[in-house]
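One structure is given below, encoded as structure tokens.
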Amino acid sequence: MILSNITVPLLGAVDTAVLGHLPSPEYLSGVAIGASVISMLLWAFGFLRMGTTGLVARASDSGTSWLLRALVLAISLGVLVSIVATPLLPTITQWMNASTGAAPHATDYLQIRLLSAPFALANFALLGFFIGRGDSRTPLVILVCANLLNIVLDLLLIIGLDMGARGAAWASVAADISGFAIGLSLLYNRHPKVFNAVRHYLLGGHFWPWQDASPWRELLRVNGDLFIRTCLLLFTLTFFTAQGAAQGDSVLAANAILLQLLMITSYALDGFAHATESLVGNAVRRRSMALFMRTVTAAGVWALGSALIITAVLVVGHDWIPTLFTSIPDVLEQAWAYYPWLCCLPLVAVWSYQLDGVFIGAGKSRQMRDTMFIATVIVFLPSWWFTRHYDNAGIWFSLFLWFVARSAGLVVYFYSYTKKNNWL
């Protein structure tokens with residue numbers, strides 16, 4: 001799961017590195033804004049991955065029906081997002097405080113990326129099913145193949161054909177579509193009974209909600225909490241990007257580089273969280289508190305060890321890691337100025353990632369929603385308001401407190417449920 005997860009931010013890192021070595025920071029700034037917005041639009045539906053994983057892991061059968069419902073919901077939402085968001089792009093770009101030079105690149109990027117929204121959301125459902133079944137190799141194959149294609153197309157379209165932000169967008173569209181095709185082929189090869197059952201249900205129309213509404217209500221209940229939680233998360237990151245954009249292209253580009261590094265660490269540490277989702281779901285299904293606690297303890301120890309290693313790498317690489325992403329002096333100066341904040345985050349954030357996996361596997365989505373609401377509305381936004389006069393340092397301080405609040409809130413919920421023995 002670590003190898004699978006880390007391919008996602010590495011892809012964004014390649015986008016950032018390729019664009020960061022172009023003559024002007026406007027290309028990187030435009031794609032940074034566009035990527036932030038597309039993340040808000042698409043990853044707001046990341047519940048399709050998380051919710052499906054937990055439901056499949058706790059299912060007494062193969063979880064076929066949950067995959068089917070998740071795919072139908074994902075494709076429908078993807079089409080709706082494409083239709084609704086496209087005419088709003090100029091307004092969205094303006095809200096993100098894009099500069100005159102970066103705004104056209106951001107708009108071009110977004111218009112193209114929205115074409116693959118149904119495929120991107122369907123990929124969430126497929127990945128959630130595989131992880132819920134304890135099959136971690138299939139997501140690795142899907143993500144590595146799709147992201148390698150994206151990297152090759154980045155180099156070809158951005159540098160070879162000089163397409164700039166449009167090239168980065170088309171490369172990502174191709175990766176989303178190819179990832180979905182690869183996922184379906186692997187579902188057929190590795191889980192043929194599930195594939196045939198899905199095809200049978202689709203052709204026979206047995207999945208429609210008016211035939212059996214109760215599973216759909218459960219799907220929407222779990223996913224509703226996760227949707228709100230994910231929207232709050234993405235709002236925070238998008239707000240962070242917008243505040244950097246208001247301070248100029250150099251600050252925005254530097255923040256984009258540091259966020260890419262943060263995403264790499266986050267996705268790597270999320271590997272333990274995703275594995276925990278499946279194993280905790282299995283423990284809940286078997287009603288074994290002993291297995292539950294062994295899973296949580298083992299995953300927590302490994303996650304902490306990984307966070308320590310990542311922190312050490314970031315500290316040692318202070319002088320050379322940012323230079324991998326850009327050679328623009330002004331951007332590097334800004335990146336180094338705020339790099340210490342990045343080094344502090346893994347050891348603080350690891351507990352929010354790890355406990356997310358526990359709560360998803362156990363089906364406790366409401367607690368995740370409430371914790372994210374407190375961290376965003378009660379901690380992050382007031383902190384930004386009181387520190388806004390410190391410019392970029394203020395927004396980084398607020399992001400740090402946001403991670404602290406997320407971790408602390410989930411720790412409190414975890415001990416409360418453990419003390420009351422409410423996990424099963």
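No experiment lies behind these values; they were computed from the predicted model shown.
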- Query: Does a side-chain N-to-carboxylate-O contact under 4.0 Å join R229 and D225?
  - Reply: no
- For L342 and L314, the nearest pair of non-hydrogen atoms, with its separation, is O-CD1, 4.0 Å
- Task: Evaluate the side-chain proximity of R406 to L233: yes if any heavy-atom separation is below 4.5 Å, no if none is.
- Result: yes
- Query: Counting only N and O atoms by type, is there a donor-acceptor contact under 3.5 Å from the side chain of T387 to the main-chain atoms of G394?
  - Reply: yes
- Decide yes or no for V56 and I131: does some side-chain heavy atom of the first lie under 4.5 Å from some side-chain heavy atom of the second? no
- For G179 and I142, work out which heavy atoms get closest and say how close. O-CG2, 3.6 Å
- Message: I'd like to know if the side chain of T297 and the backbone of R294 have a donor-acceptor N/O pair within less than 3.5 Å.
- Response: no
- Item | Any donor-acceptor N/O pair, N196 side chain to P192 backbone, under 3.5 Å | yes
- The reported gap from CG in L121 to CG in D176 (rounded to nearest 0.5 angstrom) is 9.0 Å
- Do the non-hydrogen side-chain atoms of R388 and W385 ever get within less than 4.5 Å of each other? yes
- Query: P346 and I310: which non-hydrogen atoms are nearest, and at how many Å?
  - Reply: CG-CG2, 4.1 Å
- Rounded distance [0.5 Å steps], CD1 in I395 versus OG1 in T241: 9.5 Å
- For residues V379 and W402, determine if any side-chain heavy atom of one lies less than 4.5 Å from a side-chain heavy atom of the other. no
- Between CG of L345 and OG1 of T311, what distance do you get to the nearest 0.5 Å? 9.0 Å
- Task: Please check if any side-chain donor atom of R190 sits under 3.5 Å from a side-chain acceptor atom of T138, or the reverse.
- Result: yes
- Item | Sequence-distant partners of N255, side chain to side chain donor-acceptor pair (under 3.5 Å), two or more places apart | N392, W396
- Would one find more than 12 heavy atoms of other residues, nucleotides or ligands at under 6.0 Å from atom OH of Y417? yes
- Task: Test side-chain contact (heavy atoms from CB on, under 4.5 Å) on Y413 and T371 and set out the steps.
- Result: CA-CA 9 Å; Y413 271 122; T371 299; 3.4 Å; yes
- Pair S266-Y353, side chain to side chain donor-acceptor pair (under 3.5 Å): steps then yes or no: CA-CA 8 Å; S266 300; Y353 306 148; 2.6 Å; yes
- Item | N/O donor-acceptor pair under 3.5 Å between S116 side chain and R113 backbone | yes
- Closest non-hydrogen atoms of A362 and V280, given as atom of the first, atom of the second and distance, are N-CG1, 3.6 Å
- Taking the side chain as every heavy atom from C-beta outward, state whether L237 and L399 have any pair of such atoms under 4.5 Å apart. yes
- Grab the two heavy atoms, one from L269 and one from A303, that are nearest each other, plus how far apart they are. CD2-O, 3.8 Å
- Please test L48 against L226 for side-chain contact (heavy atoms from CB on, under 4.5 Å), starting from the C-alpha separation and ending with a verdict. CA-CA 9 Å; L48 292 163; L226 294 175; over 6 Å; no
- Aromatic ring pairing H191/F130, orientation class (parallel under 30°, perpendicular over 60°, tilted between): tilted
- Query: If only atom types and distance count, is the side chain of S82 paired as donor or acceptor with the main-chain N or O of L114 below 3.5 Å?
  - Reply: yes
- Query: Got more than 12 heavy atoms from elsewhere within 6.0 Å of CH2, W341?
  - Reply: yes
- Query: Atom CG of L232 and atom CZ of F373: how far apart are they, to the nearest 0.5 Å?
  - Reply: 7.5 Å
- Step by step, work out the side-chain contact (heavy atoms from CB on, under 4.5 Å) result for L304 and W351. CA-CA 8 Å; L304 175 59; W351 305 114; 3.8 Å; yes
- Task: Could you walk me through whether W384 and F397 pass the ring-ring contact (aromatic ring centres under 6.0 Å, His included) test, one step at a time?
- Result: CA-CA 8 Å; W384 163 78; F397 174 73; over 10 Å; no
- Item | Check: M368 main-chain N/O paired with D356 side-chain donor or acceptor under 3.5 Å | no
- Query: Taking side chain as C-beta onward, heavy atoms only, is I321 less than 4.5 Å from Y339?
  - Reply: yes
- Message: Looking at S352, is its backbone amide N or carbonyl O close enough to the side chain of S407 to form a donor-acceptor pair, meaning the two atoms are under 3.5 Å apart?
- Response: yes
- Closest non-hydrogen atom pair between P382 and V377, with its separation: CD-O, 3.2 Å
- Query: Counting distance only, does the side-chain N/O of N123 pair as donor-acceptor with the main-chain N or O of F180 below 3.5 Å?
  - Reply: yes
- Note on the structure: Sorted by chain and residue number, the side chain to side chain donor-acceptor pair (under 3.5 Å) partners of T418 (sequence neighbours excluded) come out as W423
- Counting distance only, does the side-chain N/O of T230 pair as donor-acceptor with the main-chain N or O of F227 below 3.5 Å? no
- Message: Is it the case that the side chain of S288 and the backbone of V284 share a donor-acceptor pair, with hydrogens and angles ignored and the cut-off at 3.5 Å?
- Response: no
- Task: Measure the shortest side-chain to side-chain distance between V173 and I112 over non-hydrogen atoms and say whether it is less than 4.5 angstrom.
- Result: yes
- What is the distance from atom CG of L252 to atom CG of L259, rounded to the nearest 0.5 Å? 9.5 Å
- Tell me, with the steps shown, if T53 and R49 meet side chain to side chain donor-acceptor pair (under 3.5 Å). CA-CA 6 Å; T53 295; R49 205 282 307 159; 3.0 Å; yes
- Side chains of L126 and L67: does their closest heavy-atom pair fall under 4.5 Å? yes
- Kindly indicate, with the supporting measurements, whether the criterion side-chain contact (heavy atoms from CB on, under 4.5 Å) is fulfilled by R133 and V194. CA-CA 11 Å; R133 289 290 300 270; V194 175; 3.7 Å; yes
- CZ of R69 to CG of L71, rounded to nearest 0.5 Å, is 12.0 Å
